[in-house]
Structure formats: structure tokens, C-alpha cells
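To keep things clear, I will list the structure first and then write my remarks on it.
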4 protein chains.
Amino acid sequence: MKKSHSETAIIRIHCPDQKGLVARITDFIHRNNGNIVALDQHTDRDEGRFFMRVEWELHDFEIKREDIAPAFQFAIATPCNMEWKLHFSDYTPRMGLFVSKLSHCLYDILSRYQSGEMKVEIPVVISNHKDLEEVVNKFGIKFVHIPITPETKAEQEKKELEILEEHKVDFLVLARYMQVLSQDFADRYPERIINIHHSFLPAFIGAKPYHAAHARGVKIIGATAHYVTSELDAGPIIEQDVVRITHHDSVERIIQKGRDLEKIVLSRAIMAHLNRKTLVYKNKTVLFE
Amino acid sequence: MKKSHSETAIIRIHCPDQKGLVARITDFIHRNNGNIVALDQHTDRDEGRFFMRVEWELHDFEIKREDIAPAFQFAIATPCNMEWKLHFSDYTPRMGLFVSKLSHCLYDILSRYQSGEMKVEIPVVISNHKDLEEVVNKFGIKFVHIPITPETKAEQEKKELEILEEHKVDFLVLARYMQVLSQDFADRYPERIINIHHSFLPAFIGAKPYHAAHARGVKIIGATAHYVTSELDAGPIIEQDVVRITHHDSVERIIQKGRDLEKIVLSRAIMAHLNRKTLVYKNKTVLFE
Amino acid sequence: MKKSHSETAIIRIHCPDQKGLVARITDFIHRNNGNIVALDQHTDRDEGRFFMRVEWELHDFEIKREDIAPAFQFAIATPCNMEWKLHFSDYTPRMGLFVSKLSHCLYDILSRYQSGEMKVEIPVVISNHKDLEEVVNKFGIKFVHIPITPETKAEQEKKELEILEEHKVDFLVLARYMQVLSQDFADRYPERIINIHHSFLPAFIGAKPYHAAHARGVKIIGATAHYVTSELDAGPIIEQDVVRITHHDSVERIIQKGRDLEKIVLSRAIMAHLNRKTLVYKNKTVLFE
Amino acid sequence: MKKSHSETAIIRIHCPDQKGLVARITDFIHRNNGNIVALDQHTDRDEGRFFMRVEWELHDFEIKREDIAPAFQFAIATPCNMEWKLHFSDYTPRMGLFVSKLSHCLYDILSRYQSGEMKVEIPVVISNHKDLEEVVNKFGIKFVHIPITPETKAEQEKKELEILEEHKVDFLVLARYMQVLSQDFADRYPERIINIHHSFLPAFIGAKPYHAAHARGVKIIGATAHYVTSELDAGPIIEQDVVRITHHDSVERIIQKGRDLEKIVLSRAIMAHLNRKTLVYKNKTVLFE
């Protein structure tokens, strides 16, 4: 089997579409003796926009790590007017978790973390309730209780931001966190806060979507993981999934069926984010292979 | 195999939930020597409402056809405060079809009709365009062209209603008919007009839902068959289904993928309606087994 | 009507189809002042077999608990030639868990157990490996390590059976337990051992189904929860689900996608079993509403 | 950039994986002033094999049509040890159809053909029964009746092959054709005969898969479109899909639900084949974007 055992570099790119982009980028890597282990590209012809993710082994690559960014910027990104990001596979991202009272998404994430499926550091879990403290402690992770009232919200968010900074959190996951973040907060982590909404967005935006789905008499329910923006439940969608319901399903059973969706969809979105498979453009998420 | 070869009677019921309903109804049938071939019941505990569909063979049934309704009314429906409908399986319903320019739903319906899968009479297809006249004629069905402009709409709807009446149409199917029916028209066929909307309702109500889905960046699209009410795309949902899309899918490809959903979902809804498997209560559709 | 807060009795029945069964059973409950909170019935016309599950409140029921079984046997079960089971909702079943090295199904079950979603006692987890001891301990559950080699298998199974008996285990779940149970063992818990097989049975029976799926080039993979019988992977299926894969998916990615299926499908099957929603007849599982 | 309105060339490639393949191929197109409108590539790391489909506009391309193949062979295919195919989008493939008695797949194909969705010529439909002659004639297509008995099979297949040749058929679709083709026949059209099998292969190979699915008590049924090889139901899978069933579904209802799958799955596979999106390697089908 040929899987990469060396560390890799990953570049994600978008730019105006133009001739020869793939050739130019892959040539940059090959000329410097990089072995490409994954390449996925997409051209949005309506927008005239090119998207690409390429991953190559660093082992024999002839450009030193710290020189890759300036070399790529000069040789390719600037002439092609690219927006781009570079990551190294041996850096383990630091993920902050916000929860409230429901444990299913939290457990799903922590069990993947502990089994090694989710390659991430989790320095801290923050909650506006104490209900899940014990669960978090069980996994040896720091739990911080920050209760929130309408009056204290601004001040408490400030405290949360300090904690995230102190723990050098790279991105944030709202695992059924039942508070809406302020616009200021959302703006601090652009494309770096992942929320799970318990409906098939854009249907049933806002509170109590399962009750709304039951009232409307839909035959299928869904869950949506998306990056948080300042507009409620309107950020770029990363992943969605659905499950069939019938007229027999009470709101309680819909909630139960929905939970299984929520945790799987959220974890898939986190995995995509961790593996640098997402790229946001104009409020839509390109999901690379 | 024990399948019914005799004709059957079908009763659909809803009423306030109360003790002994199933026993009472099945006893009525058994005492009169009816052999039940299908029974499905549902209790909505939140609403305190009971729903049931029961089908039995008429062969040895000791009440004459014309007396079943009064007998059931007197013995059961009145004391239990029921709303109910009686049908006989040997009556073939008469379906009117409204189409515009797109042929996929029309073909799907007509091929099921011609193969005998869809047991229905189709006395007439009405369209505001001439595009599908040839398709309809191919199946030996009458085609009537009734062009519609904002100015002529009221008058033309009157003409349509006359044609439906003249052809003794029992129910109406809008097979991607691109006109919104007036409230008056909708009220003439309550729970008897089936529309296919090309989105996962309640997401993307109104015109161009696939364009809206593409713009929002959803990862799954859907189609919804529902009974038409006076409120646009808000009637009781009969059936829905979905299909996964990716960032590679242009609007054109989304439209193509969606068409396969639309025709299947619409035909399933028509089949459920024809087999008397639907029952509407408070803008929701109970779908019996 | 609101949800039942009183304890309930549940009867599951199957018997030769005959006139008046539903009336007779519901009448037995009503005459004794029982309030039915759930009723689902199914007639298999090919087999001429009737299946029913009925649940009613014990609160005002006029037959004492201990007399329900003899009363039902005498009044209904014997004359109708029924096979049937009676359960009370206030008895919490005792579930044994067998695991090997993989934690995803175990975590999924334990997190539902701890959150109260899965109303069950778990007196013991048995494994042929020590890998998951720490996970089990974290949840305060007894872990027993019983290593198995081809030579020691018979003897070790005997030990396992003793432990299950000692802990008064009602039913057993194989949560990715990588040993095949002997026929003797399987026969000791008929319709009371639930296994998760990581394929869409009957495709890919036996070992390494994901490798086989990858080799065959299927476009969809599945998972199957079933009751264990003496024939490998051939017992009555309780629940199945599937997920789409593409040619991009390596065996490793298929395994990862499959895990999410496995744990959800297994937990759904356990929930159905716990809620007395399953009924096995001729190697097929009726799944009540 | 807008959608291509000029004709395009499509090349599908597979070869041993090696550095710089994408760069080399795209460079060949760009240097000759071709505008790429679609590019999808896949590396199977286990097999060490590279797959690619690239489509570019011919409008300004500086190599004449008839010279593209030799130029590509000399410049790229030979040095890289490629297997490859070249197609032009303005050639409309000629599809032969084999049917028996069931009309649903036939109607689905013919309606897509007539609406222009399926860009194909259909010079002839061959059947071993006369049942569908009228349907075929309705669409103005030639119908040939070739009855087959075990005794006449070899001779009749010879006649069929002559008809296909006479009508210059490029590829063949078995739209629920209930005969197994001989190995000789299958070998005449390698990767050019598409069959729809009414199960989720490799489950339920052979005759009466729905009966087998019902007997096994599966909770989900499927349909599989695949290229025909000499081994029954074992050729490379192009597309599959599934639908949920319950214990309520009789064999008749399973058959009906399955038909909707069959026709959609078959048509999707035909569309993929027509758009040159498929590439077979080691009995597996790469399905390009």
C-alpha cells in the first residue's frame, strides 16, 4: 500500500479561473520533488472561480517548510491573484467546545477524540450549564462553567473569548450550545466556528425546529452543520443529512431520531474541517474529496 | 396466497380518541361477515385524535352496498362523532391532469397509467402551453389548450372548471403546472388537488427553488407532493424525498437530478391518493399502510 | 390525551389469522378498564399469520398484574392458538455487552445509557481483549476479560455463560465482538442476542466485509443488526441502513464511514428490542411502530 | 466563464501513477489553446493507478480533430504507458435496447430520449416478446421480435448481433431483458452492455431477487446498473440505489417499489455512459464528476 507515512503539506486555493492553473500548481510541487498524495479541484463556471486542494509529502520536498509559503506566494499566488492557505499535517488543531445540557453530540465527539479517530486537541469545554461537567471530566478535559443571562451575555462572552485565547483554540464547535453568539464573537472566528442546527436548513431556522417540523407535517427531517456567521442559521453549510419520519412520530420521537442525525452530521463536519477539506466562498462551502 | 379477489369497501375515519374504537369498528364488519384485508390505525395522543383505515371484502358481506353508509353512520359514526369516507375498490377514479411545458412527470404518470400500475381514468389533460399536446395524444388522451395571461386568468380558470366538471373529474394533479391556482379554484377541490413542488418544503417556497437551493449552498435537494390549499406551497404534505448534491452540481445538474425526484414523489402521492391511503387533518396528511 | 405516566403492560402476539382478533384483544383490555396507549398490528396474508403489539396503562386496569397472564391465556390466547409475551414497562431489562477492540459501538451505547435515553441495566461488559477496559470503567461498569483461543473457546464460553447468569442478564449485545458464538451459546439466548454486522446483509457475509465491498466496487455500503442464530450472519434482521461511497473511498475511508452506520443501526435495534417492538417469526423480524 | 457552446473533445485515461501526470496532460491542452471545461482525476493509491477525464473546447484548439489522437498518443500516452479513449461531444452514440415484457424502464428511457434529456440515437429495440411493440412504435422506433427458446438461443443471438451491427449500434442497454446473454455475445460488446439488476448486488444474484429479499426479511431493497461481463450479475457496477421497506410490504409491493429504483438507476447509468463519465478498471467503475 502506498499511503503517505511522511508528513504532508496541504494548500487550499481559490482564484479567478484561468488557463493552466492545475498545471502551474502541480508543476511547482513536482519540480521541487514533492509527491502529491491527494488533489481535488473544482471550477465554478457560473462564478468563473477555481478551487483546489492539493496535499503532498514533505519528505523529499526540496523547499524548506518555512520557505514554502513565500515561494508559493511569489511563484504562483500573486501572479494568479489567489486566496490560499497552507497547513502541515503534523500540526494538531486545538478545538474549543461549547455545550449546554444535551450530551449526545459531546459524547460522539469525545469518543472519536479518545479513540484517535478525531486527531485534535481539546484544551477546554465551556458550558452555560453544569449538567455535562461530569461527562467532560470523565475524559480528563477541563470544564468551565460560564452561566449566561441576557444581562450578563456581553460580559460573559468576553470571558469566553479570553479562555479560548488563553487555550490557543484554533476553532470552535457548538455542540448543541443553546445560546446565539453575538456578531462580535462570530466575527472573531470567521469560518472557524462550526454549529449543528437541528433542521434541514434553510427550513425551520431558529428555535424548536423539531416542533416546527412536526407542526408542518413534513415526512423527512434533517440536520445541518454550518460555519457560524453573524446571521442566525445562515452561514455556509458544510454537511447535511436527513431521516424519514411518519405520522406516527410524536415530537419526542422526532427529537430522538434527530439526535442521531445531529451527532453524525456534526462529527462529519468537524472531520472535514480538521482534514482541511472545506473552503468557503460567497457563503457556500466547497467540500473537497 | 390469500389476496382479495373480491371487490372491497374502504372506510377512512377520524374522530376524538375514545375507548374501544377499533373493537367497535372491526366488530361492525365481522358481525356482518366481512373479511378484513387491511387495517391501519393511528392515535395522535397530543391531539387526542383517532385515525383509521379499514378495507374488507364485499363478497360475503351481509349489508348491501347502498346500505353500508347509513348503517355505519347510525351504528358507529354518529355515536363516536366521526368524520369518515366510504369507497369501493371497483370504482375507478377520474383524474384530471394540468401540465405546462415539462414532460417528465407527465410521462411518468402516463406510462404507469398505460401499464396498468396506476388504476385511474384520465379523461383530459389541460395545459397553458401546446408543447405537450403530442405526448398526450400519443397515449390517446384528450388534450385541451387553455393559454393563461394575468388578464385572462379568472376567465380561463372558469373554463377549466367547466371542462373538469364536464369530464366528471374526481381529483386533479398538477404535474409541474407552472400556474398558481386561484383560491376559488383550490376551494372547489379540497384535498383533491395534488401538486408537486420542486423543493424540500418548507424550504424554498415559490418560484425557482433549485436556483435558490444552489444559491444557499445546500448539500441535499428535495421534492414535495402536497394537497393544494389557498396558501401557496403550504398545503398538507403527502410525500417527500431527497437526493444528495455537491458543489460540483450546477443549477442545470440540480434541475436534472431534481426531475427524477419530482416524478417519483408525485407518482407515489397519486398512488397513495388512489388507494385511499391518505387522510388530512389540521393541514397534515396521515399516510396509511 | 397526554402521554402515559402510569406504568404499562405490553403484549406481543402472533397466531393464525382469524376473524375478530383485534376486536377480541382490545375488548379484553377495555372491559377491564385498560387505557390503550399504543396498538400496532400486521397481517401477513401470504403466511395467513396475524401479529400485534398492544400497550395499555395499568393504573385503572382491573386485573391484578400477576393475574393478567393467566386471564389472557384462558380468555384469548388458548382459543386463538396464540404465541405471546407479556412485559411490564417498569421492569428495566438487564443487558450484557460483548466487545473486542473497537470502541465506537460501545461508546454509543454507554452514552445513551448514561444520558437515560437507553433505559437498561448494564451489569457487565465482557471482552476477549483488554483494550476497552478503561472505557468501560469510566462509566462505572464491571469489565471482565475472557481471552479466547481456538483451544480454549468451549471452556471460555462456559465461563461467559456463568457470568451472564450470575448477573441475571436478560439479553446480550455483540458490539463489534469479533468472535463467532458457538451454536450451543446462541441457542441459550434465542432472539435475545443482537449482533451488528458491518455489511448490508445478505451481501458480504463473514469476515472483512468492507474489504469485500471495496473489492467488488459497490457504490453503497451498509450495516445490519440482527438476532443471532446458529447460522453465521443469517439470523432475523432487525434494522439496516446504508451510506453512499465513491471510487475515491479507500478501504480505510469505507471503514470510517461504516462505523457511523454500525453504531446507529445497532443502537436503533437495541432500542427496538428494549421497547418490545420486535417480534420474530420464521427468521424475519416484525418491527412494530 | 460561461458554459461551453462549442463542441468538445473528451479524453479518458488510466495508467500507472507517476509524477506530473495532470500537469503534463493539461499542459498539452493549454499549449494548443484548448479551454478545459471539465477535469476530474482520481488516484487509486492501493493499485498505484491514475485515472482522469478531461474535456475541452475544440473551438480554438490548434490541433485538427483527426490529429488529436496521434498527437496525444505520441506526446503523452506512449511515454506514460496509458490506456485511453478519445470522444467528441458532437457525435451522438447509437444505443440498442433489449426488453422483454416490463415497460417501466423502457418508458423511462424513451421519455428522456424524446424530451432531449438523453442525447442518443435509438435505431432499434429488440425483444423476445411482442408485449412492448406498441409502446416502441408509439415513439417511432423500429421494433424487432426475436423469440428465444433454449434450443434457438445460439441462433437467435446471432440474428440479434447482425441487427445490432446493421444498425451500427455503439452500446446496448438491457432494460429488464429477462434473458442471460451468452459469453460470446457479452464479449462482443465489452464495457458496452449495461444491465439493470433488481437487487443491491452482490446480494440476491440471479432470478427473482425481490422474492429472495422478502424471504430473507431485509429492511432495504436496491437496484444495480452494471456493465455485463460473462459472469452473471458480476460485472463492474456503475450505479446503485436503495429504498426502505417494512414487514408490511408484500412481494407485490416490493416489486412495485423496486421498479421506481430500477428505472432511475438504469437511466442514471446510461447518462453516465453517454457523457463518457465511466471508466472500468479491474472490474470496478470509476464514475467521474
Report, as yes or no, whether the 6.0 Å neighbourhood of atom CD on C:Glu231 holds more than 12 heavy atoms from other residues, nucleotides or ligands.
no

Applying a strict 4.5 Å limit to non-hydrogen atoms, the region of B:Ile25 in contact with chain C is neither

Separation between NE2 of B:His30 and CG of C:Leu21, rounded to the nearest 0.5 Å
8.0 Å

Side chain, backbone, both or neither: which part of C:Ile29 has an atom under 4.5 Å from a heavy atom of chain B?
neither

Highest number of heavy-atom pairs under 4.5 Å with chain B among C:Leu39, C:Thr43, C:Asp27 belongs to C:Leu39

Does B:His248 NE2 have over 12 foreign heavy atoms under 6.0 Å away?
yes

Got more than 12 heavy atoms from elsewhere within 6.0 Å of OH, C:Tyr91?
yes

dist C:Asn35:CG -> B:Asp17:CG (nearest 0.5 Å) comes out at 7.5 Å

Restricting to pairs with a member in residues 275-284 of chain C, which pass salt bridge (charged side-chain N to carboxylate O under 4.0 Å, His left out), not counting sequence neighbours?
C:Glu47-C:Lys282

Could you pull out all residues at least two apart from C:Asn33 that satisfy side-chain hydrogen bond (donor to acceptor under 3.5 Å, both in side chains)?
B:Lys19

